[in-house]
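Worth saying up front: this structure is predicted, and the values here are computed from it rather than measured. Scope of the values below: all heavy atoms of this structure, side chains included, with no hydrogens, waters or symmetry mates. Proteins get letters first, then strands, A, B, ... in listed order; numbering begins at 1 in each.
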Amino acid sequence: MALAASMPGPHLPVQEVAHWEPVLPGLIVLLPLLGFVANGILALRAAARSSAALRAGTDWDPFAGPARPRTHTLPTWIGPGVMFVAFVLALWNFAGLYGAELHDPVVVRYWTWIVTGNLQIDAAIQLDQLSMIMMLVVTGVGFLIHVFSVGYMKDDTGYPRYFAYLNLFVFFMLVLVMGAGYAMMFIGWEGVGLCSYLLIGYWFTDREKSDAGKKAFIVNRIGDLGFLLAMFLLFQAFGTLDFGPIFEGAEGRLAAGGATVTAITLLLMLGAAGKSAQVPLHVWLPDAMAGPTPVSALIHAATMVTAGVYMVARSSVLYALAPTSQAVVAGVGVLTALLAATIALQQHDIKKVLAYSTVSQLGFMFLGAGVGAFTAAIFHLMTHAFFKALLFLGAGAVIHAMHHALHKADSHEDAQDMRNMGGLKDRMRITWVVMWVATLAIAGIWPLAGFFSKDEIIWYTAAWAGAPSNPFGTLYTVYWLVALVTAMLTAFYMTRLMVITFHGQSRVDRNARPHLHEAPRVMTVPLVILAVLSVFGGWVNVPEPLAESFLGLFGALPMSEWLHHWLEPVTHDAAAIQTAALGEPVYGAPLVGGGEFAWALASTLAAAVVVLAALRALGGRKYVAAARDTAVPGGLRGILANKWYFDEAFDAGIVRPVLAASRWCWKVVDTVLIDGFVNFVGNFTRLAGWTVSLFQTGQANTYAFVLTLGVLLVLGAAVFL
Amino acid sequence: MHEMNQLTTFWFWVIGGVKVLAVFTVVMAAVAYMTLAERRVSAFIQDRLGPNRVGPFGLLQPIADGLKNIIKEETMPGTSAKFYFVLGPALAIMPAVVTFAVIPFAAPLPTPVGTVDMIVADVPIGILYILALSSLAVYGIVLAGWASNNKYAFLGGLRASAQMISYEVALGLSVIAVLLLAGNVTLTEMVWQQQQLGLWFVFPLSLAFIFFVISALAETNRLPFDMPEAESELITGYHTEYSAMKFSMFFIAEYSHVLTASALMATLFFGGWDIPVWTGDDMFWHEGALIRGFDDAGAPIPATPSILITLLTLGAFCTKTAFFVFLYIWIRWTLPRFRYDQVMHLGWKVLLPAALGYIVLIAGTMLVLDQLGVPFGLLYGLVLTGVSGVTTIAFLFFIDRDRVIAGAHGMGAVARRREASRALLARRAAANPDGSVS
Amino acid sequence: MLAYALLLSAALFVIGTLGVIVRRNAIIIFLSIELQLNAVNLAFVALSRYTGIEGQLFVFFVMTVAAAEAAVGLAIIISIFRHYKTVNVDRFNLLKW
Amino acid sequence: MTEILFVLFAVVALGGAFGVVLSRTPVASLLFMVATLASVAGIYVLFEAHFLAAIQVLVYAGAIMVLFLFVIMLLNLGHDYRADLKYGLWSLLALVVAGLTAGVLGQAFWGASDTGFRGDGAAVAAALDAAVREQGAAGVIAEPLFTDYVVAFELMGLLLLVAIVAAVVLAKPKT
């Protein structure tokens with residue numbers, strides 16, 4: 001990237017080694033798999049006991065006895081344990097890679113998996129700067145969420161099953177980010193989809209929740225189709241699916257801006273949109289909140305949904321070759337960001353708000369990837385993992401407390417509806433504080449993580465809009481403006497969430513109020529750790545123009561542009577291609593001019609103003625509990641409350657026609673045509689068989705006679721012909 | 001140097017005809033006198049005189065018997081299948097008579113027209129010819145039994161067919177051991193190999209010999225295996241309805257079989273016409289010349305056939321054969337008859353597996369000896385004799401115990417069974433003291 | 001002589017075929033099949049004179065198969081006879097439709 | 001001499017074959033079959049296949065046919081003569097088909113000459129005779145049997161074992 005190349009920042013003192021051997025990289029992948037197997041066995045044993053009890057006519061309550069059964073104690077150590085070891089190993093490898101001046105990815109091949117025709121797929125993993133960041137995020141945040149889950153899922157009968165799924169998810173996620181080719185990535189891609197389905201429908205006895213799982217699975221399939229087609233095109237173009245040869249040969253083999261590379265990248269984008277919940281395939285993510293809240297934090301906020309961003313970043317070379325696709329990616333991203341943010345304004349379910357927030361933030365990441373700020377996208381991915389995981393876990397802690405309290409009070413009110421909360425800050429101090437940290441981080445308040453990452457994306461959008469040869473300059477300017485508005489909306493809806501949940505009068509059921517209390521230590525400790533990360537996570541990539549200003553504490557924030565330099569081996573090619581195609585980006589606002597410092601200052605001030613304004617405006621308002629809130633919002637609020645009618649549009653535009661067509665196929669094509677044909681064939685065969693069976697006299701002589709006749713024919717043919 | 005030339009075609013046919021006539025006559029005469037021998041020996045064993053009125057020592061008795069059979073009335077059962085009734089004895093006697101053709105009975109005889117082999121037909125398949133034809137012998141018996149339309153005759157025929165098929169297997173397997181050692185199927189070569197080995201095959205193949213004798217007894221329907229004609233059970237079995245010459249033909253067939261079997265035992269296991277120890281009679285056609293053996297360099301040593309040697313070897317052959325004929329008679333008048341199921345039991349469950357195991361043992365020993373490079377000679381034979389001897393003793397005294405030696409279900413087994421039933425009765429009595437039957 | 005041997009073989013084969021077709025007695029049918037096998041064996045032996053020892057080897061194998069077939073076939077006939085009290089193949093036609 | 005013997009054997013074989021098919025009693029059929037087998041064995045001898053001739057008589061005539069005879073007698077067959085032969089149209093059809101087959105086979109075999117197979121027929125015959133002199137009538141068959149065709153040979157042994165077991169199981173009365 002030109003920015004990084006032209007403005008090298010102060011490097012940290014590193015011990016440079018030319019060669020680097022990864023330390024047990026396979027074990028990082030394998031450990032969660034082992035955890036899955038171990039937990040899976042425990043889950044099967046628990047299921048066996050449960051079904052045995054069912055056969056005996058009773059229900060098996062694993063917590064009825066004086067001590068928890070072993071199936072419900074061992075996962076506590078296995079689940080987070082394997083994650084911890086994997087995280088330590090990842091850190092170790094990171095330290096090794098950090099000390100090495102490595103420009104090429106390290107590929108470790110284990111065995112050749114598929115060989116057919118020209119296609120060879122190796123079971124190989126790739127370690128480079130990008131996958132290392134992803135590994136750290138997946139294992140680190142994953143570990144914290146595992147620990148949190150120990151507290152959150154403590155009283156669930158499916159405890160071992162939950163951890164088995166969670167471990168399996170991490171395994172597939174690691175395969176996704178560490179795979180050395182699109183094929184391996186696709187395995188992980190599908191695997192995390194499966195785990196997502198399993199975990200959304202974790203409480204599968206609830207019809208609504210299992211439906212949500214199916215919805216997620218089906219919507220993802222649409223995107224996967226795009227991914228698959230992209231892989232076919234890639235194989236056609238390169239004869240391989242390995243990253244190395246594809247990215248090295250891309251510039252030579254594919255014409256820049258050509259149809260092939262545009263098709264490939266658009267199809268990849270379709271896949272990414274499915275997985276990362278971009279418009280219009282975002283509809284599954286809010287429904288996915290049916291799963292346990294830690295799952296939402298891990299899969300549907302921090303890791304899996306960011307796989308699309310990772311893929312686009314990984315394929316940066318290809319995207320750099322296709323400016324049209326980039327514009328599409330950025331457009332989809334910014335549109336998603338805006339729509340999701342607006343929807344989030346009118347949601348009452350605390351997790352739904354966070355879900356739309358996630359969709360919105362993912363849109364930001366795609367915007368970043370779309371405008372070529374791949375590093376910024378990954379940066380935002382990372383910081384978002386911290387604060388969104390924190391938000392979800394915090395929401396989890398709230399729901400946990402609410403649920404517990406309502407249960408104690410025999411109340412059937414909705415534990416997730418914010419209208420039933422209010423004033424929780426007195427009872428849940430730690431949660432309240434860390435949630436505010438995360439809110440400020442996501443709102444982009446200096447110097448929290450979100451400020452640096454989101455600001456960088458917006459900044460790059462503006463910069464590339466001003467690039468001299470960019471055919472989509474105007475479009476990028478629009479993107480920039482929308483992104484600014486969306487950033488303000490983000491600050492607003494997050495403040496709204498905080499206010500309704502934690503401030504004001506308590507609307508909790510009167511009987512339940514005394515039972516409300518802070519989450520146990522095992523849950524709050526991960527919260528605090530994530531809060532710390534949300535505060536300081538952004539400091540790894542302080543933009544150069546800010547570094548020496550007061551926004552960079554006059555250089556006191558140590559790691560100026562560190563992530564840029566770190567990822568440079570991965571993004572370098574793409575940056576070079578993009579600069580060659582579009583020209584140098586113009587670092588200044590396209591409309592009014594001005595330096596980055598000024599815009600950054602303005603951004604954080606605007607965010608702060610929005611937060612304060614929202615606090616003022618919303619804090620004074622009186623809210624009513626969900627049961628009495630029957631007012632149907634009209635106008636724009638109604639549209640937003642109904643999520644822009646996306647589900648309804650899909651239902652009318654796709655689901656109903658498909659159902660109607662299916663019914664027609666059943667009634668007409670299947671019943672009349674196909675059944676008729678099949679029955680005809682069957683009847684004809686029976687008739688013919690009956691006719692021929694007349695020859696079957698059961699008498700040996702007849703058979704011998706016919707046999708001889710046949711021999712005679714063959715012999716005659718052989719002799720006379 | 002003698003004339004060693006082969007016979008011309010003309011003389012081949014002439015001498016061939018002479019040999020056929022001579023051998024046939026001698027065999028028939030021998031059969032006739034075997035009947036006398038049987039009676040005299042049986043009388044001797046039973047401490048009486050036997051036929052001694054017709055001629056000196058009763059020597060003309062067979063002729064008198066023959067005359068009697070020829071002039072006796074032929075009876076023909078009214079419900080019999082006439083054609084097969086007549087066909088039976090004819091089929092019975094044919095294979096018995098022709099099998100002798102391939103047995104060499106003396107060393108080659110020098111004549112003015114060439115050297116004459118003392119064998120009617122030296123066919124290349126030798127022993128197989130004998131096995132094949134003797135397997136046909138059963139037809140005569142079975143047909144006779146069936147055609148008589150008599151329950152006892154029919155049972156005799158059925159028994160004959162089952163028994164002969166069963167023992168053909170054991171017989172063939174015991175011969176296979178000989179084939180292993182001789183390396184060929186012609187009987188002349190077997191005699192030659194025994195001369196080369198310096199040992200008659202009865203020593204290195206002792207167990208095979210025992211099996212062969214037993215199986216031959218069964219094949220010829222002689223006691224203790226004369227199930228098809230067991231007088232006490234089936235009147236006289238398959239020839240119950242026969243009389244006069246047709247009855248006599250069955251007799252001739254049986255005794256020819258005995259003669260052939262004796263000659264075979266002599267040839268396969270006792271060196272045939274070989275005179276023991278003396279090597280001057282060793283003779284074999286090797287690449288168109290008669291040789292006595294090979295010197296150390298492997299060159300053939302020419303043999304000198306003479307009339308004297310031929311006569312001496314003929315004497316040796318006749319002596320050995322006569323001994324086995326005597327053995328047959330001896331056994332007949334010494335051992336009691338088996339029960340039918342015992343016969344089958346012995347054939348299928350004892351002789352067959354034992355012979356198979358023995359073949360494996362002999363073949364294995366030979367393989368080891370060949371691998372060690374031991375030449376085919378006396379040492380080779382002695383090693384085999386040792387192995388075979390140990391096996392034979394082990395078989396007779398440990399494995400077999402009282403099956404072959406003391407009959408299929410010998411006294412040991414009977415005693416054990418009696419013991420067991422007595423114990424059972426005692427237990428029942430103890431459990432049921434009032435004596436009521438449960 | 002080869003041609004005559006082959007013609008004899010053909011004649012035997014056809015006669016055997018005839019036997020299989022026109023006789024009802026299972027044993028006779030069986031015998032006719034053996035006759036066919038023999039006809040083929042004869043052809044093999046005659047041809048082995050002109051093509052090599054393999055013809056005779058094949059005859060050897062055919063004989064082995066015939067022996068196995070006779071054992072099993074006769075056992076089947078015996079058990080059928082036990083059931084139907086006849087070996088007339090017209091009587092056992094369970095294979096009929 | 002050979003030709004005379006061949007004609008003799010051929011006549012007996014053909015006569016026996018007709019006897020097998022046309023005899024009214026199974027026993028007669030069987031005896032005709034034995035005659036045919038013996039004649040065919042004689043023809044084997046004429047073709048210098050001594051070993052096979054011996055095996056033919058030993059195994060076929062001496063064992064298999066005795067087994068047949070045994071079964072015929074055990075079942076006491078031969079009392080339903082009338083039902084045995086198929087008459088009328090069926091026999092006519094069979095005759096026509098058999099005649100046609102005979103015609104086709106005759107057409108195929110009529111011109112078969114002694115040469116024109118694998119190289120020179122006479123040379124093959126001479127080599128066979130030499131091998132018989134060298135290795136013996138049994139050895140000439142045994143040598144390829146235990147080298148080139150040993151797998152087939154062992155399979156034959158297995159087949160026989162299976163047949164034994166099958167025969168015992170099948171013929172055993174169900175108790």
Determine which residues belonging to residues 705-714 of chain A lie within contact range of chain C, meaning some heavy atom pair is under 4.5 Å apart, and list them by number or answer 'none'.
A:F705, A:T708

May I ask you to check whether over 12 heavy atoms, not counting those of C:Y4, lie within 6.0 Å of atom OH?
no

Does A:Y197 OH have over 12 foreign heavy atoms under 6.0 Å away?
no

Residues in ring-ring contact (aromatic ring centres under 6.0 Å, His included) with A:Y165, at least two apart?
none

Closest contact, heavy atoms only, A:N701 versus C:R23
ND2-O, 2.6 Å

Other residues, nucleotides, ligands: >12 heavy atoms within 6.0 Å of A:R45 CZ
no

All side-chain contact (heavy atoms from CB on, under 4.5 Å) counterparts of C:I76, not counting sequence neighbours
C:V72, C:I80, D:L170

My understanding is that only residues two or more places apart in sequence, or in another chain, count here; which of them pass side-chain contact (heavy atoms from CB on, under 4.5 Å) with A:V658?
A:I654, A:S662

